[in-house]
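See below for the structure under consideration.
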Amino acid sequence: MAEERPLVLVTCTAPVNIAVIKYWGKRDNDLILPINSSLSVTLHQDQLKTTTTAAASRDFTEDRLWLNGEEADVGHPRVQACLREVRRLARKRRGGSAEDTAPLSLSYKIHIATENNFPTAAGLASSAAGYACLVSALARLYGVEGELSEVARRGSGSACRSMMGGFVQWQRGERLDGRDSLAHQVAPEMHWPELRVLILVVSGEKKQVGSTAGMQTSVDTSPLLKHRAEVVVPERLALMMRHIRERDFEGFGQLTMQDSNQFHATCLDTFPPIFYLNDLSRHIIALAHRFNTHHGHTKVAYTFDAGPNAVIFTLADTVAEFVEVVRHSFPPATNGDQFVRGLPVGVASLPEELLTAVVTEPVPGAVRYILHTKPGPGPQLVDDPSQHLLGADGLPRCRA
Ligand code: DP6
């Protein structure tokens, strides 16, 4: 059989997610077990996705990995943990027999190629989508089904939440072996059809302290983080689930902003302190609050992860007006026509009193572009063989 089909190829795509109750801190660094549960919204893959092709062949002499066309270290402990776990599940599924008689032997070496449909330079979190995609593709390759969030978690904590669409909770779990630290879907992506997401991609600024190192220092030094994990998050999680269930934007938006702010407060409480928010982030925060105050209720909600881009949640009927407010507040330096990307945005003209109340001190060029997206589904299998990132020789294809 192997003679006829020397190469088996599988391609999957996976989404980015953005947490509204943040994960920050591990109780086990190796198994990637968090100190608190978290909750996120999976973003639509039409705008942001990772694509991964995994191939196995008895002709391959070593495992290899390519990221955006460049060969990368397949020996990375987190990549290896995912590979090992998927193979373990495959072995279990095959009955654990010592004799490996399945058409695709678990001893074959594998090649993996992965690409993002968004520029890495944009600083958008890619490890969650990356590991969710890796695990999805490997699982398909080896015919493994069922609970895979536990495996994706071994790549990156937040990756377990990218294994499902819509609104997803990563349950902290109690067990030492992490078997109960899993992601669950709270509501599917169509649950809240009006919900929209605007990512404000900001200029300059490389990533300062990475999440993995940053959260470790926070666990070691921040008393606020301990209080957050033990007391604040359990209460907020229950509340957030209710807001989502009831599609209550006022409640959802306020809690999203508060939780982002508390996450950044724990960063400031870390010693030495970590600063992910900068002057521009604070500008965007103040702008959102002026906008909401002007309207008399929560129309937009910001959240920031371990980087400078702002993610704004809003409802479809507010998108055009808020985008116009951003355009006035951060007048695009160049490429004015490319300022808004992703889902179409309608035109809005801003009433004079809104402009006066909301747009103070414009900062030209500070926001590079806005990406308009919405909640979306979990990982997908790509059927079309022309989409494989690896060719018949098992090497990355040159794609037009
Ligand atoms: C601020 O999942 O990137 O985005 O588990 O060490 O890989 P590791 O960390 P990672 O941390 C994400 C932190 C966050 C909040 C969140 O997504 O919940």
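When a ligand or atom number is given, it counts from 1 through the structure's own listing order.
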* Asked: Tell me the ring-ring contact (aromatic ring centres under 6.0 Å, His included) pairs involving residues 51-70, sequence neighbours left out?
  -> F60-H111, W66-H111
* With sequence neighbours left out, what residues match R179 under salt bridge (charged side-chain N to carboxylate O under 4.0 Å, His left out)? -> E150
* R172 atom CZ, neighbour heavy-atom count above 12 within 6.0 Å -> yes
* So, does Q185 use its side chain to make a donor-acceptor pair with the main chain of G165 at under 3.5 Å? -> yes
* Do K22 and D305 sit within salt-bridge range, that is, some charged N less than 4.0 Å from a carboxylate O? -> yes
* E230: what forms a salt bridge (charged side-chain N to carboxylate O under 4.0 Å, His left out) with it, not counting sequence neighbours? -> K226
Pairs of nitrogen or oxygen atoms, one from ligand 1 and one from the protein, closer than 3.5 Å: please tabulate them with distances.
| residue | atom | partner | partner atom | Å |
| --- | --- | --- | --- | --- |
| ligand 1 | 2 (O) | S156 | OG | 3.1 |
| ligand 1 | 2 (O) | S158 | N | 2.9 |
| ligand 1 | 2 (O) | S158 | OG | 2.6 |
| ligand 1 | 4 (O) | D305 | OD2 | 3.4 |
| ligand 1 | 5 (O) | Y23 | OH | 2.6 |
| ligand 1 | 5 (O) | G157 | N | 2.7 |
| ligand 1 | 6 (O) | K26 | NZ | 2.7 |
| ligand 1 | 6 (O) | R78 | NH2 | 3.2 |
| ligand 1 | 6 (O) | T212 | OG1 | 2.7 |
| ligand 1 | 7 (O) | R78 | NH1 | 2.7 |
| ligand 1 | 7 (O) | S156 | OG | 2.6 |
| ligand 1 | 17 (O) | R161 | NH2 | 2.8 |
| ligand 1 | 18 (O) | Y23 | N | 2.9 |
| ligand 1 | 18 (O) | R161 | NH1 | 3.0 |
| ligand 1 | 18 (O) | R161 | NH2 | 3.2 |

